Amino acid sequence: MELAGQALLDAQLDLWQNTFAYVKSMALKSAIDLRIAETIQHHGGGATLSQIATRAMVPPAKIPCLSRLMRVLTATGVFNAQKTRSGISSCEQLFYSLTPMSCLLVGSRNQAPITTMLLQSTLVSSLFELGGWLRRELPEPCMFQLRNDHTLWELADSDPKFNALFNNGMNSDTEFIMDIVVNEFGEVFHGVDSLIDVAGGHGAAAHAIMKAFPHLKCSVLDLGHVVADAPNDTNVHYIAGNMFETVPPASMIFLKWVLHDWGDEECVKILKNCKEAIAPRDKGGKVVIIDIVIGAGQSDKQRKEMQVVFDLFIMFINGIERDENQWKKIFFEAGFRDYKITPVLGVRSIIEVYP
């Protein structure tokens with residue numbers, strides 16, 4: 001395909017946009033490390049470069065470099081910047097403020113922990129193995145294991161620092177999404193009296209559900225090393241166990257961002273255990289899943305792209321994001337008879353599965 005000069009330059013720009021996309025991620029990571037959003041909030045919603053540098057302990061010689069970082073973060077929509085005049089000399093300076101995106105890095109819906117986890121070098125470097133992993137005949141070892149000599153779950157079990165990073169990240173995402181679920185789609189929990197949050201970590205989802213529906217008896221099932229660090233000043237009951245072996249009985253089983261970590265065979269095993277644990281449908285029994293359904297929901301470019309990008313990302317642990325037919329396949333193989341997909345959580349959906 002022959003292209004004219006301007007078309008060639010446009011193609012190169014597209015190529016560079018993809019090539020240097022990681023620089024935007026690292027700029028965002030640096031903003032979290034330097035606590036820039038917190039500084040802006042501390043100064044009443046707006047801060048100068050000098051104020052950001054002081055609070056981030058950036059030395060004077062590096063302030064011009066910090067300015068260049070802020071220019072990228074402004075260009076990519078993480079922060080706003082406006083020119084203002086201040087002081088006797090009325091010199092112009094930039095005044096930085098939060099955008100809807102950076103508002104998610106502070107406050108009660110703080111997404112800094114999940115963002116930090118996703119941009120942690122152990123996870124990011126795993127994707128350097130993608131090309132070589134694709135040439136291998138078998139799926140195991142996964143990219144994460146090829147890079148780190150352990151599976152993600154093994155590393156979480158043996159490394160307390162990584163385990164804390166992982167659990168804190170998952171908790172922040174769960175608190176964020178569950179606040180929306182219980183307040184705007186709470187009918188999902190109507191008609192049930194007990195719930196097991198499978199692989200629910202430290203119980204962020206269970207806490208949110210119990211707060212909104214105090215009559216519900218909520219329990220969390222997770223591995224022993226996870227449950228050992230769970231809070232003990234709560235009405236949520238923690239159960240050390242393995243979802244591949246058994247799931248305790250309840251009216252509803254809840255799975256948030258769990259099944260995308262596993263292949264079809266493992267998911268069918270988990271779902272069969274869930275089916276054995278719940279009551280019949282006419283008595284309120286169901287499994288509720290929060291996960292991506294590729295192709296579901298609004299079809300704008302940003303959402304469609306994020307769904308398929310996340311699918312490629314989760315491949316680093318041999319996970320998969322499924323479309324409706326792929327979900328249907330594992331539901332029916334596990335013995336369920338019906339399901340309902342409600343694509344109302346951005347790129348994710350609420351999936352109700354019935355025996």
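None of these values were measured; they are calculated from a predicted model.
Residues Thr116 and Lys29 have side chains that never bring a donor and an acceptor to within less than 3.5 angstrom of each other. Checking Glu245 against Asn273 by side-chain atom types alone, no donor-acceptor pair falls below 3.5 Å. A side-chain N or O of Asn163 and one of Asn167 form a donor-acceptor pair less than 3.5 Å apart. If you check the side chains of Asn183 and Asp179, you find a donor sitting under 3.5 Å from an acceptor. Remark: the Asp10 side chain and the Gln6 side chain contain an N/O donor-acceptor pair separated by less than 3.5 Å.
Under the 4.5 Å side-chain heavy-atom criterion for Ile, Leu, Val, Met, Phe, Trp and Tyr, Val258 and Val181 are members of distinct hydrophobic clusters. Cluster annotation: Val247 is connected to Leu255 through the hydrophobic network of ILVMFWY side chains, with a link wherever side-chain heavy atoms come within less than 4.5 Å. The same ILVMFWY cluster, assembled from side-chain heavy atoms under 4.5 Å apart, contains both Ile289 and Ile253. In the hydrophobic clustering of this structure, Val293 does not group with Ile320; members are Ile, Leu, Val, Met, Phe, Trp, Tyr whose side-chain heavy atoms approach within less than 4.5 Å, directly or through other members. Cluster membership for Phe95 and Phe79, using ILVMFWY side-chain heavy atoms within less than 4.5 angstrom, is not shared.
A perpendicular orientation is assigned to the rings of His215 and Phe213, their planes being inclined by more than 60° (bins at 30° and 60°). Classification of the Phe20-Trp16 ring pair by plane angle, with boundaries at 30° and 60°, yields perpendicular. Relative orientation of the Phe244 and Trp262 rings is perpendicular, given thresholds of 30° and 60° on the angle between their planes. Using cut-offs of 30° and 60° on the angle between ring planes, the pair Phe166 and Trp153 is perpendicular.
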Handout entry: Step-by-step side chain to side chain contact (heavy atoms under 4.5 Å, CB included) determination, Met252 to Ile278
Key = CA-CA 6 Å; Met252 175 194 292; Ile278 57 174; 5.9 Å; no

Practice task
Start with the C-alpha distance between His202 and Asp229, add both sets of side-chain angles, then the distance that settles side chain to side chain contact (heavy atoms under 4.5 Å, CB included), and finish with yes or no.
Solution key: CA-CA 8 Å; His202 290 168; Asp229 293 329; 3.7 Å; yes

Exercise for the section: Take Glu266 and Asp261 through the side chain to side chain contact (heavy atoms under 4.5 Å, CB included) test and state the conclusion after the steps. Expected result: CA-CA 9 Å; Glu266 293 91 347; Asp261 292 336; over 6 Å; no

Exercise for the section: Apply the test side chain to side chain contact (heavy atoms under 4.5 Å, CB included) to residues Asp311 and Ile294: give CA-CA distance (whole Å), side-chain angles for both, the deciding distance (0.1 Å), then the verdict. Expected result: CA-CA 9 Å; Asp311 177 44; Ile294 291 180; 4.0 Å; yes

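Val198 is not listed as a side-chain neighbour of Phe254, based on a closest heavy-atom distance of 4.5 Å or more. Phe176 has its side chain within reach of Leu104: a pair of non-hydrogen atoms, C-beta onward, lies under 4.5 Å apart. Between Leu130 and Met143, some side-chain heavy-atom pair lies under the 4.5 Å cut-off. For the pair Ile209/Asp197, no side-chain contact is recorded, criterion being any heavy-atom separation below 4.5 Å from C-beta on. A heavy-atom distance below 4.5 Å is found between the side chains of Glu321 and Asp291. No side-chain heavy atom of Met117 sits under 4.5 Å from any side-chain heavy atom of Asp173. Ile351 has its side chain out of reach of Val288: every pair of non-hydrogen atoms, C-beta onward, lies at least 4.5 Å apart.
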Using distance only, find each side-chain donor-acceptor pair of residues 333-344 under 3.5 Å and give its atom names and separation, not counting sequence neighbours.
| from | atom 1 | to | atom 2 | distance (Å) |
| --- | --- | --- | --- | --- |
| Glu333 | OE2 | Lys329 | NZ | 3.0 |
| Asp338 | OD2 | Arg281 | NH1 | 3.2 |
| Tyr339 | OH | Glu324 | OE2 | 2.7 |

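The main-chain N or O of Val78 is found under 3.5 Å from a side-chain atom of Thr99 such that the two form a donor-acceptor pair. Glu175 places no side-chain N or O within donor-acceptor distance of the main-chain N or O of Ser172, the cut-off being under 3.5 Å. Formation of a donor-acceptor pair under 3.5 Å by the His207 side chain with backbone atoms of Gly203 is found in this model. Checked by atom type and distance alone, the side chain of Ser349 never pairs as donor or acceptor with a backbone atom of Leu345 at under 3.5 Å.
Enclosure of atom CZ in Phe128 is not indicated, since only 12 or fewer non-hydrogen atoms of other residues, nucleotides or ligands lie within 6.0 angstrom. Counted within 6.0 Å of CD on Glu187, heavy atoms from surrounding residues, nucleotides or ligands total more than 12; the atom is thus considered enclosed. For Asp323, the CG atom counts as densely surrounded, since its 6.0 Å shell holds more than 12 non-hydrogen atoms of other residues, nucleotides or ligands.
Annotation: cation-pi geometry satisfied between Arg348 and Trp257 (NZ/CZ under 6.0 angstrom from ring centroid, within 45° of ring axis).
Just one of Arg135, Arg136, Arg147 meets the salt bridge (charged side-chain N to carboxylate O under 4.0 Å, His left out) condition when paired with Glu129; it is Arg147.
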